[in-house]
Amino acid sequence: MSSSPLPPASALLHWYDRHRRALPWREAVRDPYRIWLSEVMLQQTTVAAVTPRWRRFLIRFPSIAALAAAPWEDVAAEWAGLGYYARARNLHACAQAVAARNGFPDTVEELRALPGIGAYTAAAVAAIAFGRPVVPVDGNVERVTARLHAVEEELPGARPRLSGLASRWMEQDAARERPSDFVQALFDLGATICTPRNPACALCPWQAECEGRRQGIAPSLPRKAPKRDRPTRLGVHFLLRDGAGRMLLQRRPPRGLLGGMLGLPGTPWRESGWTPEEAITYAPAPGLDWHALPGEARHGFTHFELRMTLLTAEAPPGLEVGGEWWRPDAAQDALPGAMQRLLLLAEAAAAMASRPPRAG
DNA sequence: AATTCGGGGCC
DNA sequence: GGCCCAGAATT
């Protein structure tokens with residue numbers, strides 16, 4: 001397998017010149033800030049989800065200096081709903097580090113040392129923004145490589161082997177002349193031809209060199225180790241409203257799940273349930289008249305399924321509680337998805353109360 | 001080496 | 001309902 005000939009970079013580049021995706025971060029002059037931002041947003045996130053958020057982010061933070069100078073609260077609000085919030089924290093820290101040194105470094109090693117930039121993103125920025133002849137290995141490249149070389153070893157164990165095989169592609173002159181286009185061509189090949197299911201091998205510029213296709217096992221690659229089952233966790237949250245219709249939000253601890261983001265106060269999330277008496281001890285003002293809203297909000301995280309119920313109360317004038325008072329519409333935009341679902345639950349309960357459902 | 005991090009789109 | 005997505009940091 002390691003002795004198989006390299007698939008021709010020239011064929012892939014020729015295909016890319018005709019079929020590449022029109023993506024917004026490919027339009028402008030090569031700006032490391034814009035390319036870095038796209039790469040961070042695209043970590044474990046689809047192009048469709050990223051595209052509008054990437055545009056909006058650049059309107060709010062047009063330069064890395066603007067991002068570096070912004071308060072964290074503004075960055076968090078802009079990232080809300082995108083997930084993996086450590087990315088936003090590291091993005092902010094990275095912007096400050098880059099601004100302090102007057103621009104991005106242009107080598108893999110220096111990029112790799114910045115917050116939130118791992119092996120993949122360092123190689124991607126180096127190749128796409130600075131034309132360095134390196135191959136970033138993402139899910140697309142792993143899949144293309146596993147199929148091309150018929151690697152049957154399971155992920156994640158096969159990762160070093162796949163990375164080594166992929167890096168050899170950049171040895172060709174045609175690739176080294178256009179590193180930025182070549183690596184993006186690999187992404188597009190994986191996203192549009194060499195797809196996880198039902199790959200369009202008949203349209204592939206590398207079909208003749210693909211050992212997985214020759215063996216008829218391409219669609220089943222790469223193989224992956226079985227995943228663990230996701231437990232269910234339960235939590236109770238508190239919707240405290242003041243006389244002006246605003247709600248109490250609290251900034252979550254800076255690390256861990258939803259770290260640094262706003263949220264409704266609540267109990268910890270655990271696998272056993274909560275009695276109302278037990279839950280209320282976590283309330284921002286346990287002495288108030290808390291009552292339960294009907295229904296629950298569900299939210300899927302990567303490693304557990306969360307089910308949340310809601311207790312609500314009215315804050316008397318002058319109540320002293322920690323946190324911030326937010327209008328519901330502004331809060332909905334600034335909250336991560338799990339917390340947005342709680343507000344939707346409250347809205348549904350309010351609609352139910354004002355217009356009781358009829359039978360039939 | 002394994003775990004912890006979100007959320008959405010698509011089959 | 002499961003799978004995947006231009007992964008990184010932590011332990």
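Convention: sequence-line order gives letters A, B, ...; per-chain numbering from 1.
Summarising the geometry, the separation between CG on N140(A) and C1' on dC4(C) is reported as 10 Å, rounded to the nearest angstrom. Between L257(A) atom CG and dG7(B) atom C1' there is a gap of 12 Å when expressed in whole angstrom units. The distance from atom CD of E154(A) to atom P of dA2(B) is 11 Å, rounded to the nearest whole Å. Atom pair K227(A):NZ and dA2(B):C1' shows a separation of 15 Å (rounding to whole Å applied). Across the protein-nucleic acid pair, D138(A) atom CG and dA8(C) atom C1' stand 14 Å apart, rounded to whole Å. Summarising the geometry, the separation between CE on M41(A) and P on dA8(C) is reported as 16 Å, rounded to the nearest angstrom. In this structure, the CZ atom of R87(A) is 15 Å from the P atom of dC5(C), given to the nearest Å. For the pair M308(A) CE and dG6(B) P, the computed distance is 13 Å after rounding to whole Å.
Residue H303(A) places at least one side-chain N or O under 4.0 Å from the OP1 or OP2 atom of dC5(B). Taking only side-chain nitrogens and oxygens, R341(A) never comes nearer than 4.0 Å to OP1 or OP2 of dG7(B). Dashed line: the shortest gap from a side-chain N or O of Q44(A) to OP1 or OP2 of dG7(C) is under 4.0 Å. Residue Y84(A) has no polar side-chain atom (N or O) positioned under 4.0 Å from OP1 or OP2 of dC5(C).
Among the atoms of the strands shown, only primed sugar atoms or phosphate atoms (P, OP1, OP2) are found under 4.0 Å from some heavy atom of P336(A). As judged by a 4.0 angstrom heavy-atom cut-off over every strand, V40(A) is placed among residues making no nucleic acid contact. Using a 4.0 Å heavy-atom cutoff across all strands shown, A191(A) reaches no nucleic acid atom at all. Across all strands, G81(A) comes closer than 4.0 Å only to sugar-phosphate atoms, never to a base (heavy-atom distances). Nucleic acid contact for R26(A): base, since at least one base atom lies under 4.0 Å from a heavy atom of the residue. Residue G190(A) is classed as having no contact, given no heavy-atom separation below 4.0 Å to the nucleic acid. P196(A) comes within 4.0 angstrom of sugar-phosphate atoms only, judged by non-hydrogen atoms across all strands, and of no base. L91(A) comes within 4.0 angstrom of no nucleic acid atom, judged by non-hydrogen atoms across all strands. Within the 4.0 angstrom heavy-atom criterion, no nucleotide atom of any strand lies near R159(A). Across all strands shown, W79(A) has no heavy atoms under 4.0 Å from either base or sugar-phosphate atoms.
Looking at D188(A) and R20(A), no side-chain N of the basic residue comes within less than 4.0 Å of a carboxylate O on the acidic one, giving no salt bridge. For the pair E142(A) and R159(A), the salt-bridge criterion is met [side-chain N within less than 4.0 Å of a carboxylate O]. Under 4.0 Å is where a charged nitrogen must lie from a carboxylate oxygen, and between R241(A) and E314(A) no such pair does.
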Contacts table for residues 119-140 of chain A: side-chain donor-acceptor under 3.5 angstrom, sequence neighbours left out:
from    : atom 1 : to      : atom 2 : distance (Å)
Y120(A) : OH     : E39(A)  : OE1    : 2.6
T121(A) : OG1    : Q43(A)  : NE2    : 3.0
R132(A) : NE     : D106(A) : O      : 2.7
R132(A) : NH2    : D106(A) : O      : 3.3
R132(A) : NH2    : D106(A) : OD1    : 3.4
R132(A) : NH2    : D106(A) : OD2    : 3.4
D138(A) : OD1    : N140(A) : N      : 3.2
D138(A) : OD1    : V141(A) : N      : 2.9
D138(A) : OD2    : N140(A) : ND2    : 3.1
N140(A) : OD1    : R143(A) : NH2    : 2.9

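Between the side chain of T302(A) and the base of dG6(B), at least one donor-acceptor pair of N or O atoms lies under 3.5 Å. Between the side chain of T45(A) and the base of dG7(C), no donor-acceptor pair of N or O atoms lies under 3.5 Å.
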Show each protein N/O and nucleotides 9-11 of chain C N/O combination with a separation under 3.5 Å, one pair to a line.
from   : atom 1 : to      : atom 2 : distance (Å)
dA9(C) : OP1    : G116(A) : N      : 2.5

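Of all heavy-atom pairs between A158(A) and V151(A), the closest is CB-CG1, 4.3 Å. The shortest non-hydrogen separation linking A297(A) to L345(A) is N-CD2, 3.8 Å. Of all non-hydrogen atoms in P284(A) and L240(A), the two that sit nearest each other are CG-CD2, 4.2 Å.
In the set dA8(C), dG6(B), dG9(B), dG6(B) carries the atom at the smallest distance from any side-chain atom of F301(A). Listed nucleotides dA6(C), dT4(B), dC4(C) differ in distance to R228(A); the shortest reach to its side chain belongs to dT4(B). Here the side chain of F187(A) is nearest to one of dC5(B), dC4(C), dA6(C), namely dA6(C). Listed nucleotides: dC5(C), dG6(B), dG9(B). Nearest to the side chain of H299(A): dG6(B). Looking at the side chain of R143(A), the nearest of the listed nucleotides dC10(B), dT4(B), dC5(C) is dC5(C).
F301(A) and W269(A) have their aromatic ring centers within a separation under 6.0 angstrom.
The CG atom of L148(A) lies 12.0 Å from the CD atom of Q207(A); values are rounded to the nearest 0.5 Å.
Nucleotides dG6(B) and dC3(C), compared at atom C1', are 15 Å apart to the nearest Å. Rounded to whole Å, the P atom of dA6(C) lies 14 Å from the corresponding atom of dC11(B).
A cation-pi arrangement is absent between R230(A) and F304(A) under the rule of less than 6.0 angstrom and at most 45 degrees off the ring axis.
Of the residues near DNA chain B, P156(A) and F304(A), the one whose nearest nucleotide (by heavy atom distance) lies more toward the 5' end is P156(A).
Applying ring pair (Phe, Tyr, Trp, His ring centres under 6.0 Å) to W36(A) and the options F104(A), W54(A), F57(A) leaves one that passes, F104(A).
Contacts between residues 120-132 of chain A and DNA chain C, counted as heavy-atom distances below 4.0 Å, involve Y120(A), T121(A).
Ring-plane geometry between W206(A) and F182(A) is classed as tilted, the angle between the planes lying from 30 to 60 degrees on a 0 to 90 degree scale.
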